[in-house]
Amino acid sequence: MDRVQLVLLGLPILLFCSDVVTLFAPQPPAAPKPHRHPQPAAGAFQPGDSSPDAADSAQLAVDGPGSGTTVELKFCASCSYKGNAMTMKRMLDTSFPGIHVVLENYPPPFPKRALGKMVPFVQVGAIATLMAGDQIFPRFGMVPPPWYYSLRANRFGTMASVWMFGNFAQSLLQSSGAFEVYCNGQLVFSKLSEQRFPSEFELRELIGNRLSDSQIGKNLEKDLVLDDDVESTHADLSVSTDRTN
């Protein structure tokens with residue numbers, strides 16, 4: 001083979017090696033999140049203040065209504081859904097302070113992943129056959145078929161087409177088209193089922209309904225118990241005052 005053929009054969013092999021390294025390389029570790037010290041809000045509970053109302057308000061100010069709740073946004077990374085996921089994460093962080101939002105890639109099914117990893121091998125095999133088919137077919141006791149000579153007549157265009165369609169097929173096989181939302185491990189929205197993205201208002205309402213059963217509901221229950229205690233205390237005081245009179 002001449003130098004041009006060597007270059008044309010070496011370039012796909014180099015790209016193939018880079019694809020293999022990208023496919024099988026481990027994911028980089030996530031960057032550690034900076035530790036933030038919560039700042040007490042105005043009117044929050046201060047040391048020395050024994051008021052139960054002040055203690056409850058301080059607990060709410062530190063934890064936030066979303067404390068103890070984890071929301072997982074699992075999206076298709078190869079579909080360019082990361083921007084939507086980041087927008088939803090910012091909205092949830094603003095709407096429910098203290099909530100923990102996790103962004104994860106939603107992988108396609110295993111058969112699609114396996115086929116996607118086989119595409120680079122098919123690409124290199126097709127290009128190698130196109131470049132050196134005169135030596136490959138006779139080794140297997142075969143005569144080069146007519147379509148081989150037709151493709152080799154325009155081998156540069158054929159190689160470009162093989163590589164382009166191979167990359168397209170690989171991208172298609174690696175995409176899942178998913179945007180799944182989980183709240184504390186329970187599925188609250190599925191793009192795979194609904195065939196659409198959730199709106200910010202809809203997602204805020206779905207997460208808010210889940211929070212009403214957890215942290216917010218507990219806070220409301222505490223407030224109701226405190227109100228009942230205060231009312232009973234006032235009633236006892238009024239009864240004792242009437243008896244004294």
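Looking at every heavy atom in both residues, Gly133 comes nearest to Pro138 through O-CD, 3.9 Å. The minimum heavy-atom distance between Pro120 and Gln170, with the atom names listed, is CG-NE2, 4.0 Å. Residues Cys183 and Val188 share a closest heavy-atom pair of CB-CG1, 3.9 Å. Across all their heavy atoms, Leu73 and Ala85 have their closest contact at CD1-O, 3.6 Å. The minimum heavy-atom distance between Leu92 and Val71, with the atom names listed, is CD1-CG1, 3.9 Å. Listed here is the closest heavy atom pair of Gln174 and Ser78: O-OG, 3.3 Å.
Note: the hydrophobic cluster containing Leu206 also contains Val181 (ILVMFWY, side chain heavy atoms under 4.5 Å, direct or indirect links). Hydrophobic cluster membership is shared by Phe189 and Phe96, with clusters built from Ile, Leu, Val, Met, Phe, Trp and Tyr side chains linked at under 4.5 angstrom. Cluster annotation: Tyr149 is connected to Met159 through the hydrophobic network of ILVMFWY side chains, with a link wherever side-chain heavy atoms come within less than 4.5 Å. Linking Ile, Leu, Val, Met, Phe, Trp and Tyr whenever their side-chain heavy atoms come within less than 4.5 Å leaves Val143 and Trp147 in two separate clusters. Under a hydrophobic clustering in which Ile, Leu, Val, Met, Phe, Trp and Tyr are joined whenever their side-chain heavy atoms come within less than 4.5 Å, directly or via other members, Phe75 and Phe197 fall into the same cluster.
Asn184 places none of its side-chain heavy atoms less than 4.5 Å from the side chain of Arg210. Between Pro198 and Phe179, some side-chain heavy-atom pair lies under the 4.5 Å cut-off.
Distance check, rounded to the nearest 0.5 Å: CG of Leu103 to NZ of Lys89 gives 6.0 Å. Taken to the nearest 0.5 Å, the CD1 atom of Ile207 stands 10.5 Å off from the CE atom of Met88. Here OG of Ser176 is found 8.5 Å from NZ of Lys191. Values are rounded to the nearest 0.5 Å. Asn84 contributes atom CG, which lies 11.5 Å from atom CE of Met86 (distance to the nearest 0.5 angstrom). Interatomic distance, Arg204 CZ to Ser95 OG, rounded to the nearest 0.5 Å: 4.0 Å. Annotation: the span from Glu72 atom CD to His100 atom NE2 amounts to 8.5 Å, rounded to 0.5 Å.
Hydrophobic cluster membership of Met118, counting Ile, Leu, Val, Met, Phe, Trp and Tyr whose side-chain heavy atoms lie under 4.5 Å apart directly or via other members: Leu115, Val119, Leu173.
Side-chain N or O atoms of Ser171 include none that pairs as donor or acceptor with a backbone N or O of Phe168 at under 3.5 Å. With hydrogens and angles disregarded, no donor-acceptor distance shorter than 3.5 Å links the side chain of Arg155 to the backbone of Met131. Checked by atom type and distance alone, the side chain of Tyr106 never pairs as donor or acceptor with a backbone atom of Glu180 at under 3.5 Å.
The list of side-chain hydrogen bond (donor to acceptor under 3.5 Å, both in side chains) pairs with a residue in residues 134-145, not counting sequence neighbours, reads Asp134-Arg152. Applying the salt bridge (Lys or Arg N to Asp or Glu O under 4.0 Å) test to pairs two or more places apart or on separate chains, those with a residue in residues 193-203 are Arg196-Glu202.
For NZ of Lys82, the number of neighbouring non-hydrogen atoms (other residues, nucleotides, ligands) closer than 6.0 Å is 12 at most.
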